[in-house]
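Remarks on the structure that follows.
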Amino acid sequence: MSCKKEAEKVETIVKVKPKTILSTKTEMEHKKLPHQNMKKLGLIGGTSWHSTVEYYAAINQSINDYYGNNTNPPLTVYTINQAAVHQFQKEDKWDSIALMLTEGAESLQQGGATAVMFCANTPHKVFDKVQAQLNFPVIHIGDATAKEILKKGIKSVGFLGTIYTMEGDFITKRIADNGIDVLVPEKQEVLVELQRIIEEELTYGMVKPASKKYVLNVIKNLVDRGAEGVVLGCTEFPLMIFDEDLKIPVFDTTEIHSKAAVDYILSE
């Protein structure tokens, strides 16, 4: 490999370095938590593994930056079979998905985790069912997202996610219960197309320009209806939509949930 090609490769690696997502509270702390006191967190990923990597990278980078070296957090990851999850969703077998998540959480607890999180929005459809089977907390993505929206003083947000999160209220209601108006696309064909983009493209790590243009147009329509910000309520959308693409606040649920993970790991 030529020196020029090698330099280009290094430059690419630098560009994809995850940004730190520490909370304001954590950033202002002068006395660092002894690394031996970090709490062990379990991540249930695989839906998809591409977004799970984003979680893992963001959490590790933030802990590295917090300590100022390469101290890593005590994370354990349990990957579920996304193909099986998609099939159960189509067959409306949510109890089977709940069982997969419960088994994953129990496995993580056996590995020493004192809390877990689902590294995606849609699995939260069975959050209550899974949490009821566990004697340790599952950190909810909707609760973390609502807190971030309130910090911005925003009263109305557009919400994009899988067809299950947009048709259901297991995420949007958790946000709306905080006095926030949540808008989702009204047309069924839009919900179907967003689901197709997620399932057939983004979960495979593909970002097509035409699909990105379509999603940005959906967001514009939500803004026209009064949305002051947009929630990327599928952890795949941050692979496609970025802050610089929009003039309104973007609430990246992957980043927000990862931030909640960091806060838990460093909590007293």
Side-chain angles (χ1 to χ4, degrees), residues 21 37-60 62-63 72-147 161-162 164-165 168-175 177 198 203 233-236 238 252-268:
I21 43 84
N37 294 353
M38 286 190 290
K39 289 184 171 63
K40 190 169 187 177
L41 178 66
L43 304 179
I44 301 180
T47 53
S48 70
W49 69 261
H50 298 280
S51 58
T52 305
V53 168
E54 297 293 319
Y55 271 85
Y56 189 80
I59 295 169
N60 274 278
S62 291
I63 297 296
N72 293 326
L75 285 178
T76 54
V77 181
Y78 184 99
T79 301
I80 60 178
N81 184 348
Q82 188 177 31
V85 170
H86 282 171
Q87 189 60 39
F88 286 142
Q89 288 174 344
K90 292 173 182 176
E91 296 172 354
D92 200 28
K93 294 182 178 179
W94 291 93
D95 284 348
S96 297
I97 295 174
L99 179 60
M100 293 174 71
L101 293 167
T102 301
E103 290 176 346
E106 291 173 341
S107 176
L108 290 168
Q109 184 190 37
Q110 291 171 8
T114 54
V116 300
M117 56 170 46
F118 308 150
C119 296
N121 285 266
T122 305
H124 287 75
K125 181 177 175 69
V126 294
F127 173 88
D128 291 336
K129 186 180 292 292
V130 175
Q131 182 65 87
Q133 300 298 314
L134 307 174
N135 60 1
F136 52 94
V138 180
I139 301 173
H140 199 292
I141 198 168
D143 296 341
T145 301
K147 289 179 182 178
T162 64
Y164 309 104
T165 56
D169 65 358
F170 53 92
I171 299 288
T172 55
K173 187 176 185 301
R174 301 282 288 226
I175 298 173
D177 283 347
I198 293 167
T203 59
C234 170
T235 51
E236 308 307 319
D252 176 343
T253 53
T254 302
E255 181 178 308
I256 290 169
H257 210 198
S258 297
K259 178 177 173 180
V262 172
D263 286 343
Y264 177 79
I265 291 166
L266 295 175
S267 63
E268 297 286 354

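It should be emphasised that the depicted structure is a prediction, and the values quoted were computed from it without experimental measurement.
- Taking each heavy atom of Ser48 and Ser51 in turn, the nearest pair found is O-OG, 3.0 Å.
- Within the 4.5 Å cutoff, the side chain of Ile171 has heavy atoms near those of the Ile141 side chain.
- No side-chain N or O of Thr203 forms a donor-acceptor pair with one of Glu236 less than 3.5 Å apart.
- Between Met100 and Val85, the shortest heavy-atom distance links the atoms CE-CG2, 3.9 Å.
- Residues Glu268 and Asn37 have side chains that never bring a donor and an acceptor to within less than 3.5 angstrom of each other.
- Just one of Leu41, Val262, Ile59 meets the side chain to side chain contact (heavy atoms under 4.5 Å, CB included) condition when paired with Pro73; it is Ile59.
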Set out, in order, the CA-CA distance, both residues' side-chain angles and the distance that settles side-chain contact (heavy atoms from CB on, under 4.5 Å) for Phe136 and Val116, then state yes or no. CA-CA 8 Å; Phe136 52 94; Val116 300; 3.7 Å; yes
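- Using a 4.5 Å cut-off on side-chain heavy atoms (C-beta onward), Asn72 and Ile63 make no contact.
- The line from OG of Ser96 to CZ of Phe88 is 4.0 Å long, rounded to the nearest 0.5 Å.
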Go through the steps to decide whether Lys259 and Asp263 satisfy the test salt bridge (Lys or Arg N to Asp or Glu O under 4.0 Å), and finish with yes or no. CA-CA 6 Å; Lys259 178 177 173 180; Asp263 286 343; 6.0 Å; no
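- Between Lys39 and Ser267, the closest heavy-atom pair is NZ-O, 2.9 Å.
- No side-chain heavy atom of Tyr264 sits less than 4.5 Å from a side-chain heavy atom of Met117.
- The distance between the ring centers of Tyr56 and Trp49 does not fall below 6.0 angstrom.
- A pairwise comparison of heavy atoms in Ile139 and His257 identifies O-NE2, 2.8 Å as the closest pair.
- At distances below 3.5 Å, not a single donor-acceptor pair connects side-chain atoms of Asp169 with backbone N or O atoms of Thr172.
- Of all the heavy atoms in Ala146 and Ile175, the pair that sits closest is CB-CA, 4.1 Å.
- Ion pairing between Lys129 and Asp95 holds under the 4.0 Å rule for side-chain N and carboxylate O.
- Residues Gly46 and Gln82 come closest through the heavy atom pair O-CB, 3.1 Å.
- A 4.5 Å side-chain heavy-atom check between Cys234 and Thr165 finds every atom pair outside the cut-off.
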Test side-chain contact (heavy atoms from CB on, under 4.5 Å) applied to Leu108 and Leu43, step by step: CA-CA 8 Å; Leu108 290 168; Leu43 304 179; 5.9 Å; no
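- Checked options Thr79, Val77, Val130, Ile80; the residue passing with Ile44 is Ile80 (criterion: side chain to side chain contact (heavy atoms under 4.5 Å, CB included)).
- Judged by distance alone, the side chains of Gln87 and Glu91 do bring a donor and an acceptor atom under 3.5 Å apart.
- A donor-acceptor pair shorter than 3.5 Å cannot be found between the side chains of Glu54 and Thr254.
- Atoms OG1 and CD, from Thr102 and Glu106 in turn, are 6.5 Å apart once rounded to the nearest 0.5 Å.
- Defined by atom type and a distance below 3.5 Å, a donor-acceptor pair is missing between the side-chain atoms of Thr76 and Lys40.
- Checked by atom type, the side-chain pair Asn121/Thr253 shows a donor-acceptor distance below 3.5 Å.
- Atom CD of Gln133 is separated from atom CG of Asp128 by 11.5 Å, given to the nearest 0.5 angstrom.
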Audit row: Thr145, Arg174, side-chain contact (heavy atoms from CB on, under 4.5 Å) steps and yes/no: CA-CA 9 Å; Thr145 301; Arg174 301 282 288 226; over 6 Å; no
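- Test Trp94, Phe170, Phe118 against His124 for ring pair (Phe, Tyr, Trp, His ring centres under 6.0 Å) and you get one pass: Phe118.
- Note: Thr52 OG1 to Tyr78 OH = 13.5 Å, rounded to the nearest 0.5 Å.
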